[in-house]
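Working notes for the structure below.
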Amino acid sequence: MVAFPIEVIRHSAAHVLAQAVLELFPEAKLGIGPSIEDGFYYDFELPRSLSDDDLIDLERRMNVILVQDQPFSQLEWTAEEAVAYMTEKRQSYKLDIIKDLNLPTYSFFKNGPFLDLCKGPHVASTGQIGVIKLLKVSGAYWRGSEKNPMLQRIYGTAFCAREDLDRHLLKLEEAKKRDHRLLGKDLGLFSIQEDIGGGLILWHPKGARMRYLMEEYWRQVHLRSGYEFVNSPHVGLSKLWHTSGHLDFYQENMYSSIRVEEQEYYLKPMNCPFHIMVYKDKGYSYRHLPLRFAELGTVYRYERSGVLHGLMRVRGFTQDDAHIICTPEQVQDEILTVMKLCLDVLSVFGFQKVEVYLSTRPKEKFVGDLEQWAQAENALRQAIDILGIDYQVDDGGGAFYGPKIDIKIEDAIGRQWQCSTVQFDFNLPDRFDMTYIGVDGKKHRPYMIHRALWGSVERFFGILIEHYEGKFPAWLAPVQVRLLTVSETAESYALFLKKSWMAHGIRVELDHSNDKIGAKIRKIFLDKIPYHIVLGDREIQSKMICVKQGNKEVGSFGIEEARDFFLSESAYPDFLDVASPH
RNA sequence: GCUCCUGUAGCUCAGUCGGUAGAGCAUUUCCAUGGUAAGGAAAAGGUCGUCGGUUCGAUUCCGAUCGGGAGCUCCA
């Protein structure tokens, strides 16, 4: 038997799905049925909505078709024949596709009684599809546009062998266990509450403690890399947002205005205008540049209710934002150091695998002159080249105001997340008339670069939760070590240790509940605490304590020695080669 | 926002073919003082998301509304 690529198997499975759906609903209208990452789907317009029972029924019908081992064969029809056939079958969506493709001839694939417009390729016969599984049904707009009717999309997957399918299903279960929304609740990190509003995050003590650690690290790194900190308000007058253009181009994502004393204020959806106003409050010359203004700035954006998702997509979030204002000559260096800083920071948090995307000037509708764009794109490209990273180019994918680099990180189970972004802006410096005095004593327009390393604190935190499955490294964990008393006799000793270590900044917790030691150990695992120490008469008498990491023994220490161990475990991982300031 | 699914104790869920509800975990108290993944007992805890309709009677049926989930579109 010839081995077919998995996409071919899945696309063939999609045909079989459509075939089964037509058996059940002869009047069904078919949309499209491609293979996707991990599976396939097919869109249908059906007389009623599908239930889980329908999926079971369809799956059974599909399996019958697989057993029948119907051969796939390709047909080539003229446009007239194709249109005539689809008209007769009342397949209006297929007619849409034909009209759009506008070809002289069309390829069709046939297996058993089922015929579909399709350029292939397919497996030789349905028996070669292996094993299939329908997963879920949900709505999807025809051609992705909400102006079009909503179809029912059936998702499924197919694999060559049963073991592969089982492994895949297991992986889906594993991914579920990492869900930051569940872990966030279980570990007491954050919550989202009905009475507060969707997309608004409540950081609980454990989560807020981690956020503090993240932000503390972030501030240290930025200080050492030549950034200045600024802070800006959460609201600003409408005039500011008119000048910035946000009220013209971004209003649909902004909350409505707040009216006070005949003045209109808007919640900030971005920090840039404020940073620019800091710049404009003083005259700068080329001697002052580059300036790097950084802020953990909390912004508010209206997002449609359906798109909110845990920490990943929210309505109020904190960007780890910075704006670099520099001369054309400095652009190259700045981009390179930003990229280095970015990769360093990502790797400290455990993300060594990244994918880099360069987005260049749109074909039309852009601001700034071609020379600027060329210089900016060149700076971005060279930085990636010098760092020796592979990257993909999204030609014409840049914003109207400038080219950019986006970095996606890959988590522990291979999913990608967009976080970091480095963007040129040729728009705001003009709108705000930003200038600096050059060597020639004349006014010049500076370059401005927006950049964020995490993207947003909330999203990055969510990714961290899923990446580590809640088992955070000791430097980041909200609780580094928990002391477990064997019985009440150890309580005062444990309390003494806790207090003295806490005073050194060690994040230590004491479990002096009435539980037996076995139950306390169990909680260590449930709460995903990195280290624990059991305290009983033995430890009190010997003045030695045994530090354990899960089931592993780290070592036996004296009290001071143990304290120093945890102090060393509190240190940030090394970030070497931090960009040196000018 | 749209389509579908969903909403019972702090959490996870069971249940009522219409007669105002139950388990486990968590909490509190008591007993036990136990040495590496759940010691025992008791108590407390719910206008069954909200509003309206049908009904002698609604947590259950119907409608609306507000949350949550999956996906579509969009995005940090």
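In what follows, chains carry the letters A, B, and so on, assigned in the order in which the sequence lines appear, proteins first and then strands, with residues in each chain numbered from 1.
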| query | Between Phe566(A) and Tyr531(A), how do the two ring planes meet: parallel, tilted or perpendicular, split at 30° and 60°? | reply | perpendicular
| said: Given Asp515(A), which partner from the list Lys523(A), Lys520(A), Arg522(A) fulfils the salt bridge (Lys or Arg N to Asp or Glu O under 4.0 Å) test? | reply: Lys523(A)
| remark: Paired to rA23(B) by Watson-Crick or G-U wobble criteria (both distances under 3.5 Å) is rU12(B)
| What is the distance from OH of Tyr141(A) to P of rC74(B), rounded to the nearest Å? | 11 Å
| message | Students often get this wrong, so: under 4.0 angstrom with heavy atoms, is Val314(A) touching a base, only sugar-phosphate, or nothing? | response | base
| said: Could you tell me how far rU16(B) sits from rC61(B) if I compare only their P atoms? Round to whole Å. | reply: 11 Å
| query | Does rA64(B) have a Watson-Crick or wobble partner in any strand here, with both distances under 3.5 angstrom, and which is it? | reply | rU50(B)
| query | Would Phe317(A) pass as stacked on rA76(B), i.e. its ring centre under 5.5 Å from the base's six-membered ring centre and planes under 30° apart? | reply | yes
| said: I'd like to know if Gln193(A) reaches the base of rG68(B) with its side chain such that a donor and an acceptor end up less than 3.5 angstrom apart. | reply: no
| message | At 4.0 Å (heavy atoms only), tell me whether Arg153(A) reaches a base, stays on the sugar-phosphate, or touches nothing. | response | sugar-phosphate
| Which of these nucleotides, rG67(B), rC72(B), rC75(B), is closest to any side-chain atom of Ala140(A)? | rC72(B)
| query | Reckon Phe460(A) touches a base, only the sugar-phosphate, or nothing at all at heavy-atom distances under 4.0 Å? | reply | nothing
| said: Between the side chains of Asp344(A) and Lys340(A), is the shortest nitrogen-to-carboxylate-oxygen separation below 4.0 Å, so that they form an ion pair? | reply: no
| request: Using only heavy-atom distances, decide whether a donor-acceptor pair under 3.5 angstrom links the side-chain of Glu488(A) to the base of rU33(B). | output: yes
| query | Does a distance-only test, which skips hydrogens and angles, find a donor-acceptor pair under 3.5 Å between the side chain of Arg304(A) and the base of rC2(B)? | reply | no
| query | Do we see a donor-acceptor contact under 3.5 Å between the side chains of Thr318(A) and Arg211(A)? | reply | yes
| task | Under 4.0 Å between any heavy atoms, over every strand shown, what does Glu45(A) touch: base, sugar-phosphate, or nothing? Just pick one. | result | nothing
| What is the distance, rounded to the nearest whole Å, between atom OH of Tyr93(A) and atom C1' of rC72(B)? | 14 Å
| field | Partner nucleotide, any strand, of rG57(B) [Watson-Crick/G-U, under 3.5 Å] | value | none
| task | For Lys404(A) and for Gly310(A), locate the closest nucleotide of RNA chain B by heavy-atom distance; then report the residue assigned to the nucleotide nearer the 5' terminus. | result | Gly310(A)
| said: Would Trp454(A) count as stacking on rA76(B) if stacking means ring centres less than 5.5 angstrom apart and planes tilted under 30 degrees? | reply: no
| Cation-pi, Tyr41(A) ring and Arg153(A) (6.0 angstrom, 45 degrees) | yes
| note | Closest to the side chain of Arg313(A), out of rC75(B), rC72(B), rG35(B), is rC75(B)
| request: With a 3.5 angstrom cut-off on both distances, give the Watson-Crick or G-U wobble partner of rA42(B), or none if there isn't one. | output: rU28(B)
| said: More than 12 heavy atoms of other residues, nucleotides or ligands under 6.0 Å from NZ of Lys133(A): yes or no? | reply: no
| field | Geometric class of the His168(A)/Phe159(A) ring pair [parallel <30°, tilted 30-60°, perpendicular >60°] | value | tilted
| request: Please state the C1' separation for the pair rU65(B) and rG57(B) - nearest whole angstrom. | output: 25 Å
| query | Please give, in whole Å, the distance from rC13(B) P to Lys185(A) NZ? | reply | 10 Å
| query | Of all residues at least two apart in sequence or in a different chain, which pass the side chain to side chain contact (heavy atoms under 4.5 Å, CB included) check with Tyr212(A)? | reply | Glu216(A)
| query | Among the nucleotides rA76(B), rU73(B), rU36(B), which one has an atom lying closest to any side-chain atom of Arg301(A)? | reply | rA76(B)
| Within 45 degrees of the axis of the six-membered ring of Phe400(A) and under 6.0 Å from its centre: does Lys365(A) put its NZ or CZ there? | no
| Are any of the side-chain nitrogens in Glu7(A) or Arg10(A) under 4.0 Å away from the carboxylate oxygens of its partner? | no
| request: For Gly455(A), answer base if it contacts any base atom (sugar-phosphate contacts may also be present), sugar-phosphate if it contacts only those atoms, and nothing otherwise; contact means non-hydrogen atoms under 4.0 Å. | output: sugar-phosphate
| request: Look at the side chain of Ser487(A) and decide which nucleotide, out of rC75(B), rU33(B), rG67(B), has an atom nearest to it. | output: rU33(B)
| query | Touch check for Ser49(A), heavy atoms < 4.0 angstrom, all strands: base, sugar-phosphate only, or nothing? | reply | sugar-phosphate
| task | May I ask you to decide whether Glu27(A) forms a salt bridge with Arg90(A), counting only side-chain N to carboxylate O separations under 4.0 Å? | result | no
| task | From the options rC75(B), rC74(B), rG35(B), select the nucleotide whose nearest atom is closest to the side chain of Val307(A). | result | rC74(B)
| note | By nearest-nucleotide position on RNA chain B, the 5'-leaning member of Cys546(A) and Arg459(A) is Cys546(A)
| How would you label the contact of Asp186(A) with the nucleic acid (heavy atoms, under 4.0 Å): base, sugar-phosphate, or nothing? | nothing
| request: State whether Tyr155(A) places a side-chain N or O below 4.0 Å from either non-bridging phosphate oxygen (OP1 or OP2) of rC72(B). | output: yes
| Expressed in whole Å, how much space separates the C1' atoms belonging to rC4(B) and rG53(B)? | 26 Å
| task | Please state whether the base of rC72(B) and the side chain of Arg143(A) form at least one donor-acceptor pair under 3.5 Å? | result | no
| Which part of the nucleic acid, if any, lies within contact of Glu458(A), taking any heavy atom under 4.0 Å across all strands shown: a base, the sugar-phosphate backbone alone, or nothing? | nothing
| said: Over all strands shown, is Val534(A) touching base, sugar-phosphate only, or nothing at heavy-atom distances under 4.0 angstrom? | reply: base
Atom pairs, N/O to N/O, protein against nucleotides 38-47 of chain B, distance under 3.5 Å?
| from | atom 1 | to | atom 2 | distance (Å) |
| --- | --- | --- | --- | --- |
| rA38(B) | N7 | Arg522(A) | NE | 3.4 |
| rA38(B) | N6 | Arg522(A) | NH2 | 2.5 |
| rA38(B) | N1 | Arg522(A) | NH1 | 3.2 |
| rA38(B) | N3 | Arg522(A) | NH1 | 3.4 |

| field | His309(A) vs rA70(B): side-chain N/O to OP1/OP2 distance below 4.0 Å | value | yes
| Can you list the residues that meet the salt bridge (charged side-chain N to carboxylate O under 4.0 Å, His left out) rule with Lys516(A), with sequence neighbours excluded? | none
| query | Considering only side-chain heavy atoms of Glu146(A), which listed nucleotide, rG67(B), rG35(B), rG1(B), is closest? | reply | rG1(B)
| query | Given the C1' atoms of rA58(B) and rG52(B), what is the spacing between them in whole Å? | reply | 12 Å
| task | For nucleotides rU47(B) and rU8(B), find the distance between their C1' atoms and express it as a whole number of Å. | result | 13 Å
| Counting just side-chain N and O atoms, does Arg181(A) come under 4.0 Å of either OP1 or OP2 of rG69(B)? | yes
| query | Which value, in whole Å, describes the distance between the C1' atoms of nucleotides rG18(B) and rC25(B)? | reply | 32 Å
| N/O (side chain, Ser138(A)) to phosphate O (OP1/OP2, rC4(B)) under 4.0 Å | no
| For rC17(B), the Watson-Crick or wobble counterpart (both distances under 3.5 Å) | none
| Say you pick atom P in rA41(B) and the same atom in rA23(B); how far apart are they, in whole Å? | 14 Å
| Per Asn551(A) side chain, nearest of listed nucleotides rA76(B), rA37(B), rG35(B) | rA37(B)
| Complement of rG1(B), any strand, by Watson-Crick or G-U distances under 3.5 angstrom | rC72(B)
| request: Pick base, sugar-phosphate or nothing for Gly144(A), based on heavy-atom distances below 4.0 Å to the nucleic acid. | output: sugar-phosphate
| request: For rU59(B) and rC51(B), measure between their C1' atoms and round to the nearest Å. | output: 15 Å
